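The structure appears right after this line, and notes come after that.
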Amino acid sequence: MKLSLSYYRQNNVVEIARDLIGKEIFTNFNGILTSGIISETEAYAGITDKASHAFGGKRTQRTETMFLNGGRIYVYLCYGMHKMLNIVTGPKETPHAVLIRSIVPKAGIEFMKERTGKTSLVNISNGPGKLCKALGIEMKHNNISLLGNEIWIKDLDFTYEIKGYEIEGYGIKATKRIGIDYAGEDAKLPYRFVID
DNA sequence: CTTTAGATCGTCT
DNA sequence: GACGATCTAAAGG
């Protein structure tokens, strides 16, 4: 079933990042439904985390979304061409977010191929920029609710097998985050979660 | 297999 | 004006 507001408003962003592994994220834009199983995440822990856009309580037009209450998405542009998808968590004024870094495609695979120009599922959504392309996520989707009919996340109570990718009885490994060497000591925190 | 350059633009200073 | 929570293609070993 669809994850609820009370789920997103829990205050432990690192635990939520770990828990989101194995859940299914959907988008439904203009009648085109696509989804994938979340297989890699990273937690960004608000104002105390040097790697977070909201570090030190930094409020700008861009980071404002993270300060709102949990249960919406934060989309931003990286390197001038890639959209990044984040799940805003925690209560209002607590700018926690979970970056979705990889999904295993499930629903609407033909649409994903069309959006990415790829002919196979290999490497189609295994990266934060790539999954946004596969799911059709654009800058204009920043700030939209995860309880509406355009994007949502579902808990799974059974296992999946998708075109050779088996997601069953998996383990979850914690590692340091990617691409945040500027964050000093915080770059070493085990805030990245992957299926193992 | 690994390394490297180049693409490209919203956001902040 | 500088810089990314990245990706790809191309070249080299």
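Chain A is the first sequence line, chain B the second, and so forth, proteins listed ahead of strands; every chain is numbered from 1. What you see is a predicted model, and the numbers here were worked out from it, not measured in a lab.
A/Ile100 has its CD1 atom 14 Å from the P atom of C/dT6, to the nearest Å. Here the P atom of nucleotide B/dC9 and the CZ atom of A/Arg62 are 17 Å apart, to the nearest Å. One can place CZ of A/Arg177 at 16 Å from P of C/dG4, the figure rounded to the nearest angstrom. In this structure, the NE2 atom of A/His141 is 16 Å from the P atom of B/dG10, given to the nearest Å. The separation between A/Leu99 atom CG and C/dA5 atom C1' is 6 Å, rounded to whole Å. To the nearest angstrom, C1' of C/dA5 lies 16 Å from NE2 of A/His96. Rounded to whole Å, atom P of C/dG4 lies 16 Å from atom CD1 of A/Ile178. Atom C1' of nucleotide C/dC7 and atom CG of A/Asn126 are separated by 10 Å, given to the nearest angstrom.
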So which protein N/O to nucleotides 2-5 of chain B N/O distances come out below 3.5 Å?
none

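Secondary-structure annotation of DNA chain C gives the stems B:1-7 with C:6-12, B:9-12 with C:1-4, with a stem taken as at least 3 successive Watson-Crick or G-U pairs whose two distances both fall under 3.5 Å.
The aromatic rings of A/Tyr76 and A/His53 lie perpendicular to each other, with more than 60° between the two planes, well past the 30° mark.
In this structure, A/Lys140 has no salt bridge (charged side-chain N to carboxylate O under 4.0 Å, His left out) partners at least two apart in sequence or on a different chain. Taking A/Lys113 as the reference, A/Glu110 meet the salt bridge (charged side-chain N to carboxylate O under 4.0 Å, His left out) condition, with sequence neighbours excluded.
Under a 4.0 Å N-O distance rule, the pair A/Glu40/A/Lys173 does not qualify as a salt bridge. For A/Arg101 and A/Glu42, the salt-bridge test passes: some basic side-chain N is under 4.0 Å from an acidic carboxylate O. No salt bridge links A/Lys176 with A/Asp181; every basic N to acidic carboxylate O contact stays at or beyond 4.0 Å.
Stacking of the aromatic ring of A/Tyr76 onto the base of B/dG10 is not found under the criterion of centres within 5.5 Å and planes under 30°.
Distance alone, capped at 3.5 Å, places no donor-acceptor pair between the A/Ser145 side chain and the A/Arg72 backbone.
Among A/Thr89, A/Asp19, A/Asp155, the one residue that satisfies the side chain to side chain donor-acceptor pair (under 3.5 Å) test with A/Tyr7 is A/Asp19.
In this structure, the side chains of A/Arg115 and A/Ile32 come closer than 4.5 Å at one or more pairs of heavy atoms.
A donor-acceptor contact closer than 3.5 angstrom is absent between the side chains of A/Ser102 and A/Asn126. For the residue pair A/Tyr191/A/Asp186, the side-chain donor-acceptor check at 3.5 Å is not satisfied.
DNA chain C is contacted by A/Gly129, A/Lys130 of residues 129-139 of chain A, taking any non-hydrogen atom closer than 4.0 Å. Within residues 79-92 of chain A, the residues approached by DNA chain C to less than 4.0 Å at the level of any non-hydrogen atom are A/Tyr79, A/Gly80, A/His82, A/Met84, A/Asn86, in residue-number order.
Across all strands, A/Arg101 comes closer than 4.0 Å only to sugar-phosphate atoms, never to a base (heavy-atom distances).
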